[in-house]
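Below is one structure, written out as structure tokens, with a few remarks after it.
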Amino acid sequence: MMNLDLSGKVAVVTGGGGVLGGSISKSLVENGVKVAILDIDGDALEKRLRELEPSGRVTGILCNVLDMASLEAAREQLLTAWGRVDILINAAGGNLPGATLAEDQDVFDMKIEDFNRVTDLNLNGTVCPSLVFGKAMARQGEGSIINIASMACYSAITRVPGYSVAKSGVSIFTKWLAMEMALKFGERIRVNALAPGFFIGNQNRAVLLHPDGSYTERSRKILARTPMKRFGDITELNGAVHFLCSGQASFITGAILPVDGGFSSFSGV
């Protein structure tokens, strides 16, 4: 039987106050991992801590993933408390309303300020934590970093130019950092990414569901390209996280793993 035991490991989850980071954090804690949740939103962080604190294996750190000094302070606080960092999950990110084109807009209506904000959050919000916590992994000679890519890395998706560019950057950065870590710091430091398919969450609910809960035209197009003919559940990412962090994935680095119900493999014909 495959051994995915991660008990006793120390994980950092950025954006852990959000839906994706929160689901991954909860799953790791339930499987015996000590989890440090990093988030810039104090209220979201406190809510997540109240949910998970009874386990005794969670701590929260208010942190800005775009601020190297903030990240370095979080790293030192964590190393003082728990001594090491085994896992980094870069879950901070997501799209922003101002960077999403409305149906009646085209690319020339996009504000470059909104484009910059969404690319900064998703790309630099992955690069900065990887550099800071990756340094701790380099010192100890082992660790696993998991980034969050997107279906937008595989083909163009309408209305989300900034998010698409940022996540494509996350994809190639994942491969580049995997190479760098293995060549210069040893095979026991691995860097991979998940490419989630389509999940209905707070950020995209308005474009996927009508107020009465029925599917929009965008949802119907997505499901027509998804062989499983359904949206994913956010918890369906957790098994992939556990696998990539475990010893069972010891020869996997630089991989982008789709968790998408077959969307990325299907031509629509």
Side-chain angles (χ1 to χ4, degrees), residues 4 6-67 69-97 118 120-122 124-126 128-130 132-133 136 143-150 170 193-194 196 199-205 231-245 259:
L4 300 178
L6 299 176
S7 57
K9 298 286 188 182
V10 173
V12 174
V13 181
T14 70
V19 175
L20 173 59
S23 176
I24 293 173
S25 296
K26 184 173 186 290
S27 178
L28 290 173
V29 166
E30 288 174 346
N31 283 271
V33 179
K34 294 180 178 179
V35 177
I37 297 173
L38 273 56
D39 208 290
I40 196 172
D41 185 335
D43 292 338
L45 183 60
E46 286 300 319
K47 182 179 179 181
R48 189 69 63 204
L49 289 176
R50 286 195 299 271
E51 176 189 356
L52 300 178
E53 270 181 341
S55 71
R57 292 188 297 274
V58 64
T59 189
I61 303 175
L62 200 62
C63 182
N64 180 356
V65 295
L66 297 175
D67 184 325
S70 178
L71 286 163
E72 288 165 355
R75 180 190 63 198
E76 296 314 305
Q77 180 179 336
L78 180 58
L79 291 176
T80 298
W82 287 344
R84 60 187 295 113
V85 177
D86 299 297
I87 297 165
L88 170 64
I89 311 293
N90 280 312
N95 208 354
L96 300 172
V118 79
D120 199 27
L121 173 62
N122 287 278
N124 289 334
T126 296
C128 293
S130 296
V132 170
F133 291 100
S144 176
I145 297 173
I146 297 182
N147 299 324
I148 305 298
S150 168
V170 168
L194 300 182
F199 300 77
I200 297 177
N202 294 332
Q203 292 182 347
N204 63 4
R205 189 176 303 276
F231 288 102
D233 185 282
I234 201 71
T235 61
E236 291 179 299
L237 293 167
N238 296 337
V241 170
H242 287 219
F243 168 65
L244 289 175
C245 291
V259 185

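- Looking only at distances, no side-chain donor or acceptor of R57 sits under 3.5 Å from a matching main-chain atom of V35.
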**OP:** Test side chain to side chain contact (heavy atoms under 4.5 Å, CB included) on L20 and I234 and set out the steps.
**Re:** CA-CA 7 Å; L20 173 59; I234 201 71; 3.9 Å; yes
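- Looking only at side-chain heavy atoms (C-beta outward), N31 and L6 stay at 4.5 Å or farther from each other.
- Proximity of F199 to L237: side-chain heavy atoms (C-beta onward) are separated by under 4.5 Å at one or more points.
- A 4.5 Å side-chain heavy-atom check between P129 and L71 finds at least one atom pair inside the cut-off.
- The side-chain heavy atoms of I37 and L45, taken from C-beta on, include a pair separated by under 4.5 Å.
- To the nearest 0.5 Å, the span separating CZ on R84 from CG on L78 amounts to 11.0 Å.
- The shortest non-hydrogen separation linking V241 to I89 is CG1-CD1, 3.9 Å.
- Taking 4.0 Å as the cut-off between side-chain N and carboxylate O, E30 and K26 count as a salt-bridged pair.
- The shortest non-hydrogen separation linking T126 to N122 is OG1-O, 2.9 Å.
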**OP:** Apply side chain to side chain contact (heavy atoms under 4.5 Å, CB included) to L194 and L244, showing your working.
**Re:** CA-CA 9 Å; L194 300 182; L244 289 175; 3.7 Å; yes
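- For the atom pair I61 CD1 and I40 CD1, the distance stands at 14.0 Å (nearest 0.5 Å).
- Between E72 and R75 there is no salt bridge, since none of the side-chain N atoms of the basic residue sits less than 4.0 Å from a carboxylate O of the acidic one.
- Taking CZ of F231 as the reference point, atom CD1 of I200 lies at 4.5 Å (rounded to 0.5 Å).
- Side-chain contact between I145 and N90 is present, with heavy atoms from C-beta onward closer than 4.5 Å.
- If you take CD1 on I146 and OG on S130, they are separated by 11.5 Å, rounding to the nearest 0.5 Å.
- Contact between L38 and A74 at its shortest, heavy atoms only, is CD2-CB, 4.2 Å.
- Under the 4.5 Å side-chain criterion, counting only non-hydrogen atoms from C-beta, E76 is in contact with L79.
- No side-chain heavy atom of R48 sits under 4.5 Å from any side-chain heavy atom of D39.
- Between the side chain of S27 and the backbone N or O of S23 there is no donor-acceptor pair closer than 3.5 Å.
- Note that CG of N64 is 12.0 Å distant from CG of D41, once rounded to the nearest 0.5 Å.
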Original post:
Can V170 and I148 be said to form a side chain to side chain contact (heavy atoms under 4.5 Å, CB included), step by step?
Top reply: CA-CA 7 Å; V170 168; I148 305 298; 6.0 Å; no
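- Contact between V29 and V58 at its shortest, heavy atoms only, is CG2-CB, 4.4 Å.
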**OP:** Walk me through it: do L49 and E46 pass the test side chain to side chain contact (heavy atoms under 4.5 Å, CB included)?
**Re:** CA-CA 5 Å; L49 289 176; E46 286 300 319; 4.3 Å; yes
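- For the residue pair V33 and A11, the shortest heavy atom distance occurs at CG1-CB, 3.7 Å.
- For the atom pair CG of D67 and CG of N124, the computed distance is 12.0 Å after rounding to the nearest 0.5 Å.
- Across V13 and G21, no two heavy atoms sit closer than the pair CG1-O, 3.7 Å.
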